[in-house]
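Read the numbers this way: they start at 1 and go in the same order the structure lists the ligands and their atoms. All of these numbers come straight from a predicted model, not from anything done at the bench.
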Amino acid sequence: MFRNEPLLELRRESVRREALDALATLDAKLPLEVPMLIGEAVVTGRQMASVDPSMPTRIVAHAHEATEQHVKDAIASAETGHRAWSRKPAAERAAALSRAAGILRNRRLELAALAVREAGKPWAEADADVCEAIDFLEYYAQGALALGAGRELLQLPGERNAMRYVARGVTGVIAPWNFPLAIAAGMVSAALATGNAVVLKPAEQTPACAKAVVDALHAGGVPLDALHLLPGGDEAGKALVADPRIHTIAFTGSCAVGLQILERAAKVVPGQRHLKRVIAEMGGKNAVIVDSDADLDDVVPALLKSAFAFAGQKCSAASRALVHQAIADELAERMAGAITTLRVGPAADFGTDVPPVIDVAAQQKIQRYIDSATPLAQATTRDDGFYVAPTIFAGLPSDSRVIQEEIFGPVLSLETVTSIEHACDLVDASNFALTGGLFSRSPRTIEYVSERTPVGNLYVNREITGAMVARQPFGGGKLSGTGPKAGGPDYLLQFVEARAVTENTVRHGLVV
Ligand SMILES: NC(=O)c1ccc[n+]([C@@H]2O[C@H](COP(=O)([O-])OP(=O)(O)OC[C@H]3O[C@@H](n4cnc5c(N)ncnc54)[C@H](O)[C@@H]3O)[C@@H](O)[C@H]2O)c1
Ligand SMILES: N[C@@H](CCC=O)C(=O)O
């Protein structure tokens with residue numbers, strides 16, 4: 001039976017010591033070198049550096065950047081690899097994924113340290129990233145076994161019906177930097193579990209984390225020609241999407257890029273004899289509705305965590321609070337006080353509440369949003385990394401860019417609503433439908449909001465981030481994505497073709 005990987009108890013002194021030892025061991029090896037993996041390690045003259053957002057002078061890795069030709073080479077190798085990998089029994093593929101999960105488990109502090117350095121994730125977030133990567137590997141391994149056995153169909157006398165699921169073909173995986181281990185591991189392992197060969201293009205900010213995942217899968221028994229790694233940016237991403245030999249594209253990232261991919265992948269080019277399937281998990285603009293009867297002692301910490309943990313760099317993060325007018329002033333006052341207690345600091349410090357954002361481009365973009373209006377309150381920030389001051393706005397017009405666009409930083413807007421219906425109308429008006437929250441003690445309100453809100457993941461009386469594999473299948477609708485629900489029972493269906501085989505079992509008038 002599937003169980004989530006338990007998180008580390010980071011309050012214990014001994015665990016902290018081990019974590020810092022792992023970080024020191026990693027630091028002694030920096031900068032790492034990340035080659036392309038196309039059946040073998042391939043290096044080029046073109047390199048990209050990933051840096052520590054908490055100390056940008058620290059280079060974490062030099063990655064060898066893929067050109068269009070490398071993308072072509074990797075897909076050619078994957079086509080060969082696909083033939084053998086797709087024919088392996090589901091149990092053999094599942095065993096390889098499970099062994100890879102074991103490798104990640106054995107290396108979990110080392111991997112968490114890498115996410116601390118390369119993605120600027122505080123320890124608890126980095127550890128959760130490793131655990132989620134392990135969960136995806138184990139969960140999809142088990143799911144692929146079940147899928148390999150087919151599904152129940154109606155059987156009538158004289159007819160035998162079977163439903164089989166077969167791998168689609170080479171899968172291009174394009175991953176973001178914010179869950180550099182888990183999301184890459186999730187998309188890659190789902191494709192592999194169902195028999196597809198994979199070409200992974202990780203985010204340019206976190207190639208070393210991606211390589212750690214790929215190394216574990218290779219060491220677990222995934223053949224080199226069934227899984228390829230192509231560090232690179234949008235040039236490699238575009239080439240991967242456009243190639244006629246790609247059957248499935250699993251993308252997680254921004255809405256703007258996801259829409260481009262959906263459009264490009266829809267074009268059938270000469271020589272292409274299949275339709276590409278795009279799995280796109282994109283951004284959010286997530287609102288927490290706070291009813292007049294909500295317990296503000298619960299609301300304040302949950303909002304702080306949902307909006308400011310990992311500097312708001314989660315697609316699930318809260319960026320709007322829609323607060324009933326009866327308690328709007330009181331909540332604004334409490335949030336304005338609470339935000340000043342947040343400690344902005346380096347990801348590796350155990351006391352850090354809000355780390356830096358990923359890079360200078362993100363820092364500048366978020367700052368432009370902050371500068372566009374007058375904050376209600378801000379936390380103190382610092383300037384020795386890519387830091388942004390956690391910021392709360394209140395009373396902005398609901399059509400303002402701060403309210404409508406995904407900022408992907410530590411920014412929360414409080415909006416006053418006259419009723420729960422009004423709050424739901426505002427949620428409906430958003431282009432996004434990823435996560436949402438509700439604080440209420442009224443069963444009728446909980447039922448009403450659950451029924452009315454279009455989001456993919458609604459959380460009641462708790463924080464709105466941290467979906468767990470197998471417990472909160474994750475992903476949304478509208479412009480937040482195609483809704484495959486990562487970590488849920490239906491996700492693997494995206495990576496297979498379904499075939500129904502019907503046999504007539506009547507011979508000479510007799511049922512055989
Ligand atoms: N819905 C989800 O599950 C989920 C999870 C994590 C992140 N996100 C979203 O991801 C975004 C943050 O991640 P990001 O900054 O890495 O996103 P991004 O869209 O900038 O990049 C994602 C990936 O796409 C690649 N890419 C960029 N341009 C491309 C193109 N034209 N063609 C093909 N590939 C291209 C990038 O190199 C990267 O690997 C946020 O919008 C966040 O909400 C969504
Ligand atoms: N699955 C993660 C969010 C992934 C996007 O960034 C969560 O539920 O917090």
Just to confirm my output: which protein heavy-atom neighbour is closest to [atom], and how far is it?
atom                    : value
atom 24 (O) of ligand 1 : I174 CG2, 3.2 Å
atom 35 (C) of ligand 1 : V257 CG1, 3.5 Å
atom 36 (C) of ligand 1 : E204 OE1, 3.6 Å
atom 33 (C) of ligand 1 : G237 C, 3.4 Å
atom 42 (C) of ligand 1 : F408 CE1, 3.3 Å
atom 13 (O) of ligand 1 : P176 CB, 3.5 Å
atom 1 (N) of ligand 1  : M282 O, 2.7 Å
atom 39 (O) of ligand 1 : A175 O, 2.7 Å

Original post:
When you check the gap from the basic side-chain N to the acidic O, do D353 and R343 get nearer than 4.0 Å?
Top reply: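 Between R343 and D353 there is no salt bridge, as every charged N stays at least 4.0 Å from the carboxylate O atoms.
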
Subject >> Candidate list Y139, Y140, F136, test ring-ring contact (aromatic ring centres under 6.0 Å, His included), partner F2, passing option >> reply: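 Running ring-ring contact (aromatic ring centres under 6.0 Å, His included) over Y139, Y140, F136 with F2 returns exactly one hit, Y139.
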
Original post:
For atom 19 (O) of ligand 1, is some protein heavy-atom partner under 4.0 Å away?
Top reply: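 Neighbour list for atom 19 (O) of ligand 1 includes protein heavy atoms (cut-off 4.0 Å).
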
Does an N or O from [X], backbone or side chain, lie closer than 3.5 Å to an N or O of ligand 1?
X    : result
Q260 : yes
K201 : yes
D234 : no

Residues 465-477 side chain polar contacts: donor-acceptor under 3.5 Å, at least two apart:
| from | atom 1 | to | atom 2 | distance (Å) |
| --- | --- | --- | --- | --- |
| R471 | NH1 | N4 | OD1 | 3.4 |
| Q472 | OE1 | M468 | N | 2.8 |

Original post:
Is it the side chain, the backbone, both or neither of Q313 that has a heavy atom closer than 4.0 Å to ligand 1?
Top reply: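 Q313 to ligand 1: no contact under 4.0 Å from either part.
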
**OP:** Report the part of N178 in contact with ligand 1, treating N, CA, C, O as backbone and CB onward as side chain, heavy atoms under 4.0 Å; options are side chain, backbone, both, neither.
**Re:**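 The answer is the side chain.
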
Out of [options], who gets a non-hydrogen atom closest to [atom]?
atom                    : options                : value
atom 8 (N) of ligand 1  : S480, P202, C315, G487 : C315
atom 15 (O) of ligand 1 : F179, F432, F474, W177 : W177
atom 9 (C) of ligand 1  : G258, G283, A362, G253 : G253
atom 11 (C) of ligand 1 : S254, A280, G232, G284 : S254

**OP:** Enumerate the residue pairs fulfilling ring pair (Phe, Tyr, Trp, His ring centres under 6.0 Å) with a member in residues 229-271, sequence neighbours excluded, ordered by first and then second residue.
**Re:**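 Listed once each, the pairs are H247-H274.
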
Subject >> From L147, T171, T248, L493, residue fulfilling side chain to side chain contact (heavy atoms under 4.5 Å, CB included) relative to T194 >> reply: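 Among L147, T171, T248, L493, the one meeting side chain to side chain contact (heavy atoms under 4.5 Å, CB included) with T194 is L147.
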
**OP:** Would you verify whether the NZ or CZ of K121 falls within 45 degrees of the ring axis of F179 while also being under 6.0 Å from that six-membered ring's centre?
**Re:**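 Because its charged atom sits under 6.0 Å from the ring centre and within 45° of the axis, K121 does stack over F179.
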
Give the table of side-chain donor-acceptor pairs shorter than 3.5 Å for residues 226-234, with sequence neighbours excluded, one pair per line with atom names and distance.
| from | atom 1 | to | atom 2 | distance (Å) |
| --- | --- | --- | --- | --- |
| H228 | ND1 | V198 | O | 3.0 |
| H228 | NE2 | S77 | OG | 2.7 |

Original post:
Can A203 be said to touch ligand 1, with heavy atoms closer than 4.0 Å?
Top reply: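 For ligand 1, residue contact (heavy atoms, under 4.0 Å) with A203 is present.
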
Original post:
What atoms in ligand 1 come closer than 4.0 Å to a heavy atom of I183?
Top reply: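 Checking each atom against I183, I get 5 (C), 6 (C).
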
**OP:** Please lay out, stage by stage, how W123 and F310 fare under the test ring pair (Phe, Tyr, Trp, His ring centres under 6.0 Å).
**Re:** CA-CA 10 Å; W123 280 105; F310 191 31; over 10 Å; no

**OP:** Below 4.0 Å from any atom of ligand 2, which residues have a heavy atom? Give them in chain and number order, please.
**Re:**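 Contacts of ligand 2 under 4.0 Å: N178, F179, K314, C315, S316, T465, G466, A467, F474.
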
